[in-house]
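Here is the naming used below: chain letters follow the sequence lines, and residue numbers restart at 1 for every chain.
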2 protein chains.
Amino acid sequence: MIIAINEYSDIPIYLQIRNQIVLGISDGRLQPGEQLPTVRGLAEEMGVNSMTVNKAYQLLKQEGYIYTDRRNGAKVREQLNFSPELSEESREALQRVISEAKIRGITKEDFCKICGKFYE
Amino acid sequence: MIIAINEYSDIPIYLQIRNQIVLGISDGRLQPGEQLPTVRGLAEEMGVNSMTVNKAYQLLKQEGYIYTDRRNGAKVREQLNFSPELSEESREALQRVISEAKIRGITKEDFCKICGKFYE
DNA sequence: TCTTTGTATTATTTATTATAATACAAACCG
DNA sequence: CGGTTTGTATTATAATAAATAATACAAAGA
């Protein structure tokens, strides 16, 4: 899976990496059990420091999306056993998005249509 | 309107202020044309630096939510004439939220229900 | 004139982010 | 066994962002 960063974004690189991998898992481009690039390999490919990639992997590991093995690298977890509820961070982010939507006059129905597109 | 900040949040104070004011506008706690607290007043009330509040107001002004007057302070804009579409930032944030929701097994229907709650 | 408003300026401190250069333990490979 | 590759730890440094502090200014109302 191609991971590209936007150097002009105000989102830190390590978070952009984390976000893209989570997105890849969610849309199936990364399968459960699939091998991720090595820390050094991805760092070189992206032109960033390997510790920056490591930071992203540490976060993904802590969040339960991946696991790592000293020898075998990082893999997507086979069973992503999360609770079927949004995290606190996501709920707050969603509230911010919806507050903007309301101000812009986007109806609940239209908003759900937009969500549907992201759901595919 | 009460503006409270979470000092343990990883969101900068000036953004927390900005977010709460946008939220207040969206749910009607702040009405169009309504006077906002003064920069210095709000800073003292919240126990933060006045330049931090000023930074939030600058952002809100730039985004088109409020306007300021050297003598009369800051007010919510009467006509919030935004395009009826989400900003790029909001769309990206929504995509991140939905990617997490999908991984957690939350269906599109359940997600729309959650959105409905935020819409009131 | 005095006060209050947002704003500008300058400096300093703190925290975060990113890079750099190594090093280490574990485990696989030939 | 020796060499290589893996994630990880360490230490230092640089760059940037965030927050505070202390003033000062122009505008405008009382």
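The span of DNA chain C lying next to chain A, judged by atoms under 4.0 Å from heavy atoms, is bounded 5' to 3' by C:dT17 to C:dC28.
The pair A:Glu120-B:Lys102 meets the salt-bridge criterion, since a charged nitrogen lies less than 4.0 angstrom from a carboxylate oxygen. One finds a salt bridge joining A:Arg18 and A:Glu63 here, because a Lys/Arg side-chain nitrogen approaches an Asp/Glu carboxylate oxygen to under 4.0 Å. For B:Asp27 and B:Arg29, the salt-bridge test passes: some basic side-chain N is under 4.0 Å from an acidic carboxylate O.
Between A:Tyr57 atom OH and D:dT6 atom P there is a gap of 11 Å when expressed in whole angstrom units. The nearest whole Å value for the distance from the CE atom in B:Met51 to the P atom in D:dA17 is 17 Å.
With B:Tyr65 as reference, B:Leu60 is the one residue of B:Val76, B:Leu59, B:Leu60 to meet the side chain to side chain contact (heavy atoms under 4.5 Å, CB included) rule.
There is no side-chain donor-acceptor pair under 3.5 Å between A:Glu100 and B:Ser26.
Taking every heavy atom of residues 67-79 of chain B and every atom of DNA chain D, pairs under 4.0 Å involve B:Arg70, B:Arg71, by number. Of the residues in residues 31-46 of chain B, those placing a heavy atom less than 4.0 Å from an atom of DNA chain D are B:Arg40, in numerical order.
No side-chain donor-acceptor contact under 3.5 Å links B:Arg77 to the backbone of B:Ile66.
B:Thr52 OG1 to B:Leu15 CG: the interatomic distance, rounded to the nearest 0.5 Å, is 11.5 Å. Here the straight-line distance linking atom NZ of B:Lys117 with atom CG of A:Leu94 works out to 11.5 Å at 0.5 Å rounding.
Within 6.0 Å of atom CD in B:Glu44, 12 or fewer heavy atoms from other residues, nucleotides or ligands are found, so the atom counts as exposed in its surroundings.
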